[in-house]
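Down below is the structure, laid out as structure tokens.
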Amino acid sequence: MIGTLVRRLWLIPVVLVGWELLARSVANPFLPPPTLIASWMGERWFSGPLLLTDEAVDNFVPSIVRVIGSWAAAVLVGVTLGVAIGRIGRLADYVDPLVEFGRAVPPPAMLPVFLVLFAMGTQVQVATIVFGIIWPILLNSIDGARNVDRMQMETATVFGVPAHLRLFRIILPAASPKIFAGLRLSVSLALILMVISELKGSTDGIGYLLSVASNNADMPGIWAGVVVLGVLGFVLNSLFLMIERRMLGWHRGARRTA
Amino acid sequence: MTAATTPARVRRPVVTRARHGKLVRHAVGVAVFLLAWEVAARSGLLPWLPAASASLARVAGLAADPVFLGDLLSTLTAAVIGLPLAVLVAVPIGLLLGTVPVVEETTRAIVEFLRPIPSVALIPLALFFFQPEINAKVALIVYAASWPILINTLYGVRDVDPVATETLRSFGFGQAAVIWRVALPSAAPFIYTGVRLAASITLILAISVEYFVGGSGGIGAFLIQASTGIGADAMLDVVATLLWAGIVGLAVNTVLLRAERRLFRWRHL
């Protein structure tokens, strides 16, 4: 157990020590040693009365709420719409080119529309994230709902299974591997869009801290922002994988096409 | 002979008719959307939204606008340089990780820590390390586009038929020959899918860098400048550029998908 852990993790301390030594020897302000970044983070963000300082609370919390809230909204809207479109006759054929086009637009390109509409603030982030990530969710939900096994649906109809049971017991489970394939893409994309929309159109958030640090050429601050965003990405991904494993556990080979 | 041709002759019109119906439904869907957009804009339901007709006219107008074309070219240049570089970086690393388990195990922790960092968070750093801006853009594109290619190469190499590998080995081929003759060709479709995913990432990064820097060229800079203008004209430029971005994205997707079907037709036989 400990042997495996050592074998898997030994490279990380080696890299950190190597970075520390390199940074100290070149003494380049662009490449601060990890200890300096850590002490910067400790001083600015983790020295508050309850661990976190005001600056940390005022900027981390909005970012986390925005990214999770927008993601949840996009999932709710995307899956609901997608399953409905996929199940209603040939509706999918009519909306297909529009959804394909929506997906082809590079997601950050939507940001200026919302900058014009809302100027600044949380609406910009929410709208940018939702409009950026909804396309893969929508596309996969349509696809999954459309290709439910016909035999199963007809059997359910013959046995008089009511509509809501058909939805929750047959359609959604059958479509879920496809839906989750779309959701997996959307998690990291949501984080990317949160960062870019906070860099450009916000007065708080981790992305905003990053842009302030960048304007002040505060190198440890920039590195600290990257570290925090990396940790946030790691946590969000792990949470998602946990949910996915729980909900798709029955579906063998669902993770094959990662 | 006649027995073979008859079913084909019977079947073909059915297939074309089905495709034809689908195309008609596609066209109807787009037409209804454009009409709804036009009505929503003109009736004052969405007062900020420029009408569909005006937006499409502006799309055509931008095609003759040298400033816009220069910006478009500048964004695409970064993507076109960055993507092949990402392939050159990611495929060898993926092959190495996929064929030498020790290396894969030791580096896994590093990979798992680096991969979740949202690539756009590295924009300020990249701008300090790489100057002029185009270098920062390309460096970020290479970094971000490498991940899907690397992961798909890794999966593809693991998926290689062990019988084929062992057969080559028993005929005395070395590790390099096994990789070159078996692992790489059989992983190629996976790698290609990774490249296709990476292509859309290149545009995300290019546009994000242009936003951040502002006023230095590229569709991103064009969009930001348009959005700081005043009144309905600002929105018209923004929407038309957005449509252009979608057209470019769609064209890239379509070309890559077509090429995929053609290149790997043997795989579906």
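So that the names make sense, note that chain A is the first sequence line, chain B the second, and so on, each numbered from 1. Because the structure is predicted, anything quoted here is derived from the model rather than measured. Excluded from the calculations below are hydrogen atoms, water molecules and symmetry mates; all remaining heavy atoms, backbone and side chain alike, are included.
- Heavy atoms closer than 4.5 Å to chain B are found in both the backbone and the side chain of A/I12.
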Can B/I151 and B/R115 be said to form a side-chain contact (heavy atoms from CB on, under 4.5 Å), step by step?
CA-CA 10 Å; B/I151 302 297; B/R115 191 149 73 116; 3.7 Å; yes
For the pair A/S25 and A/E20, evaluate side-chain contact (heavy atoms from CB on, under 4.5 Å) and give the outcome as yes or no after the intermediate values.
CA-CA 9 Å; A/S25 65; A/E20 182 82 28; over 6 Å; no
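- Using a 4.5 Å cut-off between heavy atoms, A/L189 contacts chain B through its side chain alone, with no backbone atom that close.
- Side-chain contact annotation: B/E210 with B/T75, donor-acceptor N/O pair under 3.5 Å present.
- With a 4.5 Å cut-off on non-hydrogen atoms, A/N237 touches chain B through its side chain but not through its backbone.
- Of all the listed residues (B/L242, B/V24, B/L127), the one sharing the greatest number of non-hydrogen pairs under 4.5 Å with chain A is B/L242.
- In this structure, the portions of B/I247 lying under 4.5 Å from any heavy atom of chain A include both its backbone and its side chain.
- Heavy-atom pairs under 4.5 Å with chain B peak, among A/S214, A/S188, A/G225, A/A217, at A/S214.
- Each of B/V252, B/L243, B/L203 has some count of heavy-atom pairs under 4.5 Å with chain A, and the biggest count is that of B/L243.
- Contacts between A/L117 and chain B at a heavy-atom distance below 4.5 Å involve the side chain alone, from C-beta outward.
- Rounded to the nearest 0.5 Å, atoms CZ (B/R158) and OG1 (B/T153) are 11.5 Å apart.
- Taking every heavy atom of both residues into account, A/P32 and A/W19 meet most closely at O-NE1, 3.3 Å.
- Counting heavy-atom pairs closer than 4.5 Å to chain A, the top-ranked of the candidates B/N253, B/L223, B/V28 is B/L223.
- Of the atoms belonging to A/V15, it is side-chain heavy atoms, and not backbone ones, that fall under 4.5 Å from chain B.
- If you measure heavy-atom distances from A/M194 to chain B, you find no contacts under 4.5 Å at all.
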Salt bridge (charged side-chain N to carboxylate O under 4.0 Å, His left out) evaluation trace for A/R146 with A/D93:
CA-CA 11 Å; A/R146 187 157 40 168; A/D93 279 354; 3.6 Å; yes
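- For the residue pair A/S186 and A/W71, a side-chain donor N or O sits within less than 3.5 Å of a side-chain acceptor on the partner.
- For the set A/G233, A/P108, A/P106, A/G230, the entry with the most heavy-atom pairs within less than 4.5 Å of chain B is A/P108.
- Heavy atoms of B/S200 lying under 4.5 Å from chain A are absent altogether.
- Aromatic pair A/Y94/B/F33: ring centres not closer than 6.0 Å.
- Taking the six-membered ring wherever Trp is involved, the centroid distance between the rings of B/F128 and A/F30 falls below 6.0 Å.
- Both the backbone and the side chain of B/V30 come within contact range of chain A, judged by heavy atoms closer than 4.5 Å.
- Both the backbone and the side chain of A/L229 come within contact range of chain B, with heavy atoms under 4.5 Å apart.
- In this structure, A/W40 has its ring center under 6.0 Å from that of A/W45.
- Heavy atoms only, all atoms of each residue included: A/T203 and A/Y208 are closest at O-CE2, 3.4 Å.
- Among A/N215, A/L98, A/V235, A/L191, the residue with the largest count of heavy-atom pairs under 4.5 Å with chain B is A/L98.
- There is no contact between A/V95 and chain B, counting heavy-atom distances below 4.5 Å.
- With a 4.5 angstrom heavy-atom cutoff, A/A213 does not touch chain B via any of its atoms.
- Contact annotation for B/I207: only side-chain heavy atoms (C-beta onward) come within less than 4.5 Å of a heavy atom of chain A.
- Listed here is the closest heavy atom pair of B/P50 and B/L236: CB-CD1, 3.5 Å.
- Chain A forms the most heavy-atom pairs under 4.5 Å with one residue out of B/I204, B/V238, B/I117, and that residue is B/I204.
- If you measure heavy-atom distances from B/T107 to chain A, the contacts under 4.5 Å come from both the backbone and the side chain.
- Among B/E112, B/H26, B/K22, the residue making the largest number of heavy-atom pairs under 4.5 Å with chain A is B/H26.
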Starting from the C-alpha separation in whole Å, work towards a yes-or-no answer on salt bridge (charged side-chain N to carboxylate O under 4.0 Å, His left out) for B/R108 and B/E104.
CA-CA 6 Å; B/R108 191 185 297 157; B/E104 201 270 334; 3.0 Å; yes
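- In this pair, B/Y143 and B/W147 present their aromatic rings perpendicular. The plane angle is above 60°, beyond the 30 to 60° band.
- Both the backbone and the side chain of A/I192 come within contact range of chain B, judged by heavy atoms closer than 4.5 Å.
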